[in-house]
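Report on the structure given below.
The structure displayed is predicted, hence computed values, not measured ones. All chains are named by letter (A, B, ...) in the order of the sequence lines, taking the proteins before the strands, and each is independently numbered beginning at 1.
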Number of protein chains: 2
Amino acid sequence: MSQGGAVDLDTSVAYPLKQASAALRAAMEDALRPLGMTITRYSCLELLAQRPGSSSSDLARGAFVTRQSMNVLLQALEHEGLVSRPAQAPVGKVLPVQLTAVGHEHLARASAAVRAVEVRMLADLSPDEQAAALHALRAMTRALQPGPGDASRVLEEDRPS
Amino acid sequence: MSQGGAVDLDTSVAYPLKQASAALRAAMEDALRPLGMTITRYSCLELLAQRPGSSSSDLARGAFVTRQSMNVLLQALEHEGLVSRPAQAPVGKVLPVQLTAVGHEHLARASAAVRAVEVRMLADLSPDEQAAALHALRAMTRALQPGPGDASRVLEEDRPS
DNA sequence: TGACTCATGTCAGCATCCTGACATAGCGTC
DNA sequence: GACGCTATGTCAGGATGCTGACATGAGTCA
């Protein structure tokens with residue numbers, strides 16, 4: 001709030017954050033393209049490997065897309081045999097998604113490519129600097145979560161996961 | 001179990017980076033919506049205030065969109081009287097874009113809203129931690145650039161010093 | 001001078017993702 | 001058991017951004 005005209009990009013953190021994110025996105029796209037994979041597809045597979053049996057909505061939240069978009073993606077992945085879903089929901093309407101063997105293979109290749117990108121990204125940072133970056137990113141994400149500032153929607157204080 | 005070489009989301013920096021970027025994007029959209037403005041529009045105006053007379057392609061690079069998308073946006077902004085472009089290029093094909101008085105007013109309001117978001121984002125970080133985050137983000141962005149010669153820098157921290 | 005390369009602005013078509021809306025199933029309360 | 005609330009899956013429509021391609025003008029070099 002030094003002046004009313006412009007954000008000082010020298011001291012701003014938001015712009016470098018977007019810069020880094022854009023650079024990471026571009027590098028990941030370049031790394032995944034030869035494998036015939038996109039970032040959203042990879043993210044979905046990676047999340048599925050970490051949490052097998054996730055629902056479409058769970059995967060959507062983890063991949064930062066809407067559940068509609070994730071559902072379209074899952075249909076494609078299912079058609080290609082990378083994931084599998086039961087024809088009927090075992091309980092409620094939730095369709096648990098599973099990674100197939102083929103899906104695991106594709107994920108392994110993609111994951112290696114993505115790891116290489118991350119290694120390159122962190123090449124010039126010491127372990128301490130990486131830890132500091134991790135800490136700062138988590139703090140920023142936490143501070144931006146809607147909740148402890150507006151009473152518009154709450155109901156998340158007493159939610160023991 | 002079936003996760004031998006998967007990227008660990010807990011120790012990864014890429015995922016928190018995307019998380020923070022997504023949270024920032026959502027917070028900025030929420031802050032700009034009441035002003036009838038989007039992130040891309042704000043970015044364009046902000047860049048224009050920093051570098052008056054930029055070309056459409058320059059603005060596109062700074063806002064992380066293609067020059068086609070930026071041109072569509074500039075046509076809308078010009079139609080609404082926020083920016084102005086000469087009918088003919090003074091030199092070559094480059095049409096230098098200028099911020100109008102109305103554009104400056106809109107930018108001032110949007111900039112204040114965005115600054116509030118950034119303040120909230122950095123609320124839990126000490127100045128040292130903020131500086132460390134800035135350093136890490138710049139190093140990551142630099143390391144991910146395709147060419148190590150950094151030939152094309154777009155509105156970066158290129159202060160003379 | 002002439003050819004080559006690069007960047008810019010622009011047009012057309014396509015891909016991706018989102019917003020809005022609806023029906024349904026679990027959960028808790030009364 | 002009935003009601004309200006939340007979350008999920010799904011369908012339709014629209015907004016936004018991108019890829020591909022073209023012509024033009026500037027700069028470079030033989």
Whole-Å gap separating P (dT8(C)) and CG (D58(B)): 6 Å

Considering every strand and a 4.0 Å limit on heavy-atom distances, what is the contact class for S57(B): base, sugar-phosphate, or nothing? sugar-phosphate

Under 4.0 angstrom between T66(A) side-chain N/O and dC18(C) OP1 or OP2: yes

Select base, sugar-phosphate, or nothing to describe what S55(B) touches, counting heavy atoms under 4.0 Å on all strands. sugar-phosphate

Heavy-atom nearest nucleotide on DNA chain D taken for Q75(A) and for R33(A); more 5' hit belongs to Q75(A)

Looking at R51(A), I want to see if its CZ is surrounded by more than 12 non-hydrogen atoms of other residues, nucleotides or ligands under 6.0 Å. no

Closest-nucleotide mapping onto DNA chain C: is R67(A) or F64(A) further toward the 5' terminus? I mean the 5' end. F64(A)

Rounded interatomic separation in angstrom, taking CD from E29(B) and P from dC18(C): 10 Å

What is the distance, to the nearest angstrom, from the CD1 atom on I39(B) to the P atom on dC17(C)? 17 Å

About how many Å separate CG of L73(A) and CG of L59(A), when rounded to the nearest 0.5 Å? 9.0 Å

Contact under 4.0 Å: R61(B) side-chain N or O vs dT8(C) OP1/OP2: yes

Measure the distance from CE on M70(B) to P on dG17(D) and round it to the nearest whole Å. 9 Å

When only distance counts, do a donor and an acceptor, one from the side chain of Q68(B) and one from the base of dG13(C), lie under 3.5 Å apart? no

I39(A) side chain near K18(B) side chain, heavy-atom distance below 4.5 Å: yes

Of the nucleotides dG9(C), dT10(C), dT8(C), which has the atom closest to the S56(B) side chain? dG9(C)

Checking the side chain of Q145(A) only, and the main-chain atoms of T141(A) only, is there a donor and an acceptor separated by less than 3.5 Å? yes

R85(B) vs dT8(C): side-chain N/O to OP1/OP2 distance below 4.0 Å: no

Take atom CZ of R25(A) and atom C1' of dT16(C), then tell me their distance rounded to the nearest Å. 10 Å

Quick one: does E46(B)'s side chain have a donor or acceptor within less than 3.5 Å of a partner on S111(B)'s backbone? no

Taking the side chain of S69(A) as its heavy atoms from C-beta onward, which of dT10(D), dC18(C), dT19(D) lies nearest to it? dC18(C)

Classify T40(A) by what it touches in the nucleic acid, base, sugar-phosphate, or nothing, heavy-atom distance under 4.0 Å. sugar-phosphate

Could you tell me whether the phosphate oxygens of dT10(D), OP1 or OP2, come under 4.0 Å of any side-chain nitrogen or oxygen in N71(A)? yes

